[in-house]
Engineer: 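I am attaching a structure below and will ask some questions about it afterwards.
On a predicted model such as this, the values are computed, not experimentally measured, just so you know. Remember, it's 1-based here, ligands and their atoms both numbered in the order they're listed.
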Amino acid sequence: MKNTLYSFLALGLSLVSASCSKQQTNQQTGKIQISDEEMDYLGITDREHVSAASLRALKWPKIGNEWFIEFSKPQPLKGDLAYEEGVVRRDPSAMIQENGLYYVWYSKSVGPTQGFAGDIEKDKVFPWDRCDIWYATSKDGITWKEEGIAVARGKKGAYDDRSVFTVEIMKHQGKYYLCYQTVKSPYMVRVKNQIGLAWADSPNGPWTKSAEPILSPADNGIWKGEEDNRFNVVKKGDFDSHKVHDPCIIPYKGKFYLYYKGEQMGEQITFGGRQIRHGVAIADNPLGPYVKSPYNPISNSGHEICVWPYKGGIAALITTDGPEKNTLQWAEDGINFEIMGSIKDAPHAIGLNRSADNEKEPTEILRWGLTHVYNNSNDQSIMRFTSNRVTKHVAKGENGKSK
Ligand code: AAL
């Protein structure tokens, strides 16, 4: 884990150095001044010979150990959300607790995924194609009862006529809001996903859908040629020129922050991963209009959005793609994120437990939650994860307590 920490801090050096370094440079000699305490803490041998790695360590922000956690292997759920052959249940929303029950919403589709090689009018091109949004309830977060469809695909010709999927829930002032991805037929490789919204007075619905999408991709990329190929571009455009994905709305500082993942036209593989970054769009009202922040993109890495309020700011789990993958980040203003910790084996597409006590410690909300796994190339099911703080490393029988 330390190696990961070193490399991401190297990449994020300019980000952290301005605000956090206690280390001084002597004006006359140009030498770095290191306190005895820093020498001891970082285990530096010789003040006159400080390696590049130690120089970076000297610039580390004063981050507490509470940002460092380990995740368990995902465990199957019971009841209706147990693995079912031929069925896709994936991308669980956060869970909210209502009348003693946990509620979760998710994408559901049936049948195998054919991909793009056949007849896209008839086929299912992705596991998340031809989905509706379903929901389930549970007393303990382990055994679930599937309650039915919450939001169905739209009528032919509507912006959401092909698939509605990857949903998030927000409860605000007694009302419930679902935001989710939408696709209009035909589902081609170059199709532009959008984001829809539905609202209700009860978590059981009925849900009213927005007549138009609340967010769309940037319109400044230019495809090259007519072939349905997303890698051929004249101009890539903004980080979200192709798709806006994984929406999650958080009430924050009297406004509504819609965090989302962007996919870019002409996407490349960089730093060993896809060019995926996150953005935010802000509204005065839950129903919008949502205006994209001029600071976008607000991450240089990541995949599915996983964000929660902490200490007056917003914390984020950054997974899967980009040089800062597998990090926990925090932004005092919800926009300018800094790396706080590194993690490994993060669950995908996390559904957070919104009833957790966020303020207890930064990762309290990650103690348990939902994720999805690929049972095979066609079927996916929702599972449960847990996590724990990394606080000791001791041999069997060793007394790990310090005096
Ligand atoms: C996921 C998410 C979005 C994508 C697809 C389903 O990992 O990023 O939800 O559209 O894959």
Side-chain angles (χ1 to χ4, degrees), residues 74 87-94 104-110 113-116 120 124-134 151 153 159-160 162-169 178-197 213-217 230 239-249 258-265 267 269 273-280 297 299 301-307 316-322 325-326 345-352 369-375 377-383 385:
V87 178
V88 170
R89 287 189 188 88
R90 57 173 291 146
D91 290 295
S93 73
V104 69
W105 289 260
Y106 47 90
S107 317
K108 182 177 176 185
S109 67
V110 291
T113 297
Q114 282 91 13
F116 288 96
I120 55 167
K124 183 176 159 188
V125 299
F126 281 125
W128 49 89
D129 185 14
R130 303 190 188 280
C131 277
D132 298 298
I133 293 164
W134 287 62
V151 177
R153 280 163 275 180
Y159 71 92
D160 60 351
R162 178 70 179 233
S163 195
V164 287
F165 56 114
T166 312
V167 59
E168 261 303 340
I169 179 75
L178 293 176
C179 58
Y180 46 86
Q181 294 179 200
T182 62
V183 174
K184 184 177 185 342
S185 256
Y187 203 147
M188 308 183 40
V189 170
R190 284 183 172 182
V191 79
K192 294 214 168 189
N193 285 49
Q194 292 170 305
I195 291 173
L197 186 79
I214 58 162
L215 204 75
S216 296
R230 72 192 171 97
F239 81 103
D240 60 348
S241 57
H242 191 186
K243 293 180 179 178
V244 286
H245 272 176
D246 297 277
C248 176
I249 307 174
L258 193 176
Y259 290 92
Y260 67 99
K261 171 191 119 191
E263 291 198 3
Q264 193 176 21
M265 293 163 61
E267 179 187 285
I269 297 291
R274 297 174 60 192
Q275 283 187 307
I276 301 281
R277 301 91 163 195
H278 297 167
V280 66
S299 82
S301 304
H303 204 89
E304 294 100 353
I305 296 287
C306 178
V307 285
L317 174 65
I318 298 290
T319 67
T320 316
D321 292 300
K325 62 173 169 277
N326 300 329
D345 304 329
H348 290 281
I350 282 183
L352 290 169
L370 301 176
T371 176
H372 68 213
V373 296
Y374 281 66
N375 310 99
S377 59
N378 290 323
D379 306 341
Q380 286 106 68
S381 58
I382 299 175
M383 305 264 266
F385 72 85

Engineer: Using a 4.0 Å cut-off to any heavy atom of His245, which atoms of ligand 1 qualify?
Structural biologist: 4 (C), 10 (O)

Engineer: Is a side-chain N or O of Asn375 found less than 3.5 angstrom from the main chain of Ser381, in a donor-acceptor match?
Structural biologist: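 Side chain of Asn375 to backbone of Ser381, a donor-acceptor pair under 3.5 Å: yes, one is there.
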
Engineer: Considering both backbone and side-chain atoms of Lys261, is one of its nitrogen or oxygen atoms within less than 3.5 Å of a nitrogen or oxygen in ligand 1?
Structural biologist: yes

Engineer: Report the part of Asn193 in contact with ligand 1, treating N, CA, C, O as backbone and CB onward as side chain, heavy atoms under 4.0 Å; options are side chain, backbone, both, neither.
Structural biologist: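 It is neither part, as no heavy atom is under 4.0 Å.
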
Engineer: With Lys243, which of Gln264, Glu263, Lys192 fulfils side chain to side chain contact (heavy atoms under 4.5 Å, CB included)?
Structural biologist: Glu263

Engineer: Looking only at protein heavy atoms, which one is nearest to atom 7 (O) of ligand 1, and how far off is it?
Structural biologist: Glu304 OE2, 2.7 Å

Engineer: Is the Trp128 ring parallel, tilted or perpendicular to the Phe126 ring (thresholds 30°, 60°)?
Structural biologist: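 The rings of Trp128 and Phe126 lie parallel, inter-plane angle below 30°.
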
Engineer: Distance from Asn193 atom CG to Thr182 atom OG1, nearest 0.5 Å?
Structural biologist: 7.0 Å

Engineer: In the protein, what heavy atom is nearest to atom 3 (C) of ligand 1, and what distance, to one decimal place, separates them?
Structural biologist: Gln181 OE1, 3.3 Å

Engineer: When you check the side-chain N and O atoms of Glu168 and Ser93, is any donor under 3.5 Å from an acceptor?
Structural biologist: no

Engineer: Would you mind listing which atoms of ligand 1 come within a distance below 4.0 Å of any non-hydrogen atom of Thr166?
Structural biologist: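 Near Thr166, meaning under 4.0 Å from one of its heavy atoms, ligand 1 has 3 (C), 6 (C), 9 (O).
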
Engineer: Does ligand 1 have an atom that lies less than 4.0 angstrom from a heavy atom of Arg90?
Structural biologist: yes

Engineer: Could you grab the distance from atom NZ of Lys261 to atom OG of Ser299, nearest 0.5 Å is fine?
Structural biologist: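 If we round to the nearest 0.5 Å, Lys261:NZ and Ser299:OG are 11.0 Å apart.
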
Engineer: Of Arg153, Lys124, Arg162, which is the lone residue that meets salt bridge (charged side-chain N to carboxylate O under 4.0 Å, His left out) with Asp129?
Structural biologist: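 In the set Arg153, Lys124, Arg162, the residue that makes a salt bridge (charged side-chain N to carboxylate O under 4.0 Å, His left out) with Asp129 is Arg162.
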
Engineer: Where's the contact between Phe165 and ligand 1, heavy-atom distance under 4.0 Å: side chain, backbone, both or neither?
Structural biologist: side chain

Engineer: Side chain, backbone, both or neither: which part of His303 comes within less than 4.0 Å of ligand 1 when only heavy atoms are counted?
Structural biologist: side chain

